Amino acid sequence: MKTGFRKALGAIFGFAWMVFGVTLVIRWVAGDGGLLAAEMLRAAPPAVSGLAEKDYAGVGAMTAEYLTGKRAEFQYVAAEEDPNGACRRREVFQAHEAAHMADCRGLIALDGWVCAGSLAVCAACCAAGVFCGRARRLFLQGAGWGLTGFFGIAVVLGIWAAVDFDGLFVTFHRVAFPQGGWLLDPRTDLLIRLMPVSFFIRLGVIGLLRFGLFATVTVLGLLGLRYRG
């Protein structure tokens with residue numbers, strides 16, 4: 001009984017630790033205004049978006065602050081020069097675009113709760129385990145199973161993304177935003193021009209690299225502990 005219990009604790013710990021890593025990376029990326037601005041500029045330069053290059057940094061910072069709850073309103077005011085040389089200020093996002101970003105902020109908030117919850121689960125599993133001799137080996141064996149289960153799910157999603165990224169992207173949005181607020185028109189909506197699919201692909205690759213570092217350190221750490229006995 002104790003053998004199965006310690007392995008189960010280890011498996012829960014391993015899976016929860018990887019969930020913690022994923023959610024931590026998501027919040028890290030969402031809160032990096034410089035990264036968001038750079039990838040917006042890469043995916044949608046001014047000739048495509050209609051936004052002046054000088055405003056990308058401000059839009060990126062505003063977006064990151066809004067998504068992470070540091071800012072109450074999703075809006076950016078651009079200073080523009082009219083044909084007469086006078087300076088005027090213009091809000092660049094429409095109400096329905098802000099409404100969609102409110103839904104996105106809700107997801108990031110949920111991500112934060114999952115991140116904190118998974119870390120709490122990891123702490124509880126460690127507190128309930130006995131880390132000496134055979135008990136530690138059983139716990140670490142279970143942790144390996146938890147990691148394997150997580151990576152199995154990740155591989156399935158990775159294959160789906162490689163084969164049909166658009167399908168995965170659309171499916172995610174339909175599940176996350178069933179009211180359809182994500183269906184924007186690039187002819188009229190700056191948000192979708194600034195954040196085309198290529199923008200999310202780039203962010204996904206960057207997030208994957210960051211998570212890959214987290215996962216590598218985790219695996220090496222578990223192997224080191226198991227080697228020590």
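The shown structure was predicted, so the numbers you read here are calculated from the model rather than taken from an experiment. Start at 1 with the first residue, then count along the sequence.
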Practice problem: Would you check, one step at a time, whether the test side chain to side chain contact (heavy atoms under 4.5 Å, CB included) holds for Leu183 with Phe177? | Solution: CA-CA 10 Å; Leu183 296 171; Phe177 312 112; over 6 Å; no

Self-check item: Asp32 with Arg210: basic N within carboxylate O range, under 4.0 Å
Solution: yes

Quiz item: Do Thr63 and Tyr76 have side-chain N/O donor and acceptor atoms under 3.5 Å apart?
Solution: no

Practice problem: Check the side chains of Ser118 and Trp17 for a donor-acceptor pair under 3.5 angstrom, ignoring hydrogens and angles. | Solution: no

For [X] against [Y], the heavy-atom pair lying closest together:
X: Met40; Y: Val59; result: SD-CG1, 3.9 Å
X: Pro196; Y: Ala43; result: CG-CB, 3.9 Å
X: Met18; Y: Ala215; result: CE-CB, 3.7 Å
X: Glu73; Y: Met62; result: O-SD, 4.4 Å
X: Leu191; Y: His100; result: CD2-CD2, 4.1 Å

Any non-hydrogen side-chain atom of [X] less than 4.5 Å from a side-chain atom of [Y]?
X: Trp160; Y: Thr171; answer: yes
X: Ser49; Y: Leu41; answer: no
X: Met101; Y: Phe93; answer: no
X: Leu203; Y: Leu36; answer: yes
X: Phe200; Y: Glu39; answer: no
X: Tyr66; Y: Cys104; answer: no
X: His96; Y: Leu184; answer: yes
X: Val22; Y: Val19; answer: no

In the single-linkage hydrophobic clustering (I, L, V, M, F, W, Y; side-chain heavy atoms under 4.5 Å), do [X] and [Y] co-cluster?
X: Val114; Y: Ile12; value: no
X: Leu35; Y: Val197; value: yes
X: Val219; Y: Val217; value: no
X: Leu157; Y: Ile201; value: yes
X: Val155; Y: Val163; value: yes

Quiz item: Is it true that a side-chain atom of Asp185 and a backbone atom of Arg187 form a donor plus acceptor pair closer than 3.5 Å?
Solution: yes

Quiz item: Just by modelled atom types, is the Thr188 backbone N or O under 3.5 Å from a matching donor or acceptor in the Gln94 side chain?
Solution: yes

Practice problem: Step through the shown structure and confirm whether more than 12 heavy atoms of other residues, nucleotides or ligands are within 6.0 Å of CZ on Arg90. | Solution: yes

Practice problem: Might you confirm whether atom CD of Gln179 has over 12 heavy atoms from other residues, nucleotides or ligands at distances under 6.0 Å? | Solution: yes

Practice problem: Taking the six-membered ring of Phe74 (Phe, Tyr or Trp), confirm whether the NZ or CZ of Arg105 is under 6.0 Å from its centre and within 45° of its axis. | Solution: no

Quiz prompt | Steps toward side chain to side chain contact (heavy atoms under 4.5 Å, CB included) verdict (Leu24, Phe211) | solution = CA-CA 9 Å; Leu24 182 66; Phe211 177 72; over 6 Å; no

How far does [atom1] of [X] sit from [atom2] of [Y], to the nearest 0.5 angstrom?
X: Leu194; Y: Asp189; atom1: CG; atom2: CG; value: 11.0 Å
X: Phe165; Y: Phe172; atom1: CZ; atom2: CZ; value: 10.5 Å
X: Leu208; Y: Leu213; atom1: CG; atom2: CG; value: 11.5 Å

Exercise. List the steps, then state whether side chain to side chain contact (heavy atoms under 4.5 Å, CB included) holds for Val77 with Val92.
Key: CA-CA 6 Å; Val77 179; Val92 301; over 6 Å; no

Practice problem: Please determine which of Val25, Thr68, Ile26 meets the side chain to side chain contact (heavy atoms under 4.5 Å, CB included) test together with Asp111. | Solution: Ile26

Self-check item: Arg193 and Leu51: CA distance, side-chain angles, deciding distance, side chain to side chain contact (heavy atoms under 4.5 Å, CB included) verdict
Solution: CA-CA 10 Å; Arg193 293 199 301 274; Leu51 185 70; over 6 Å; no

Quiz item: What is the ring orientation for Phe15 with Phe150, classed by angle as parallel under 30°, tilted 30 to 60°, or perpendicular over 60°?
Solution: perpendicular

Exercise. Would you please indicate yes or no on a ring centroid separation below 6.0 angstrom for Phe13 and Phe139?
Key: yes

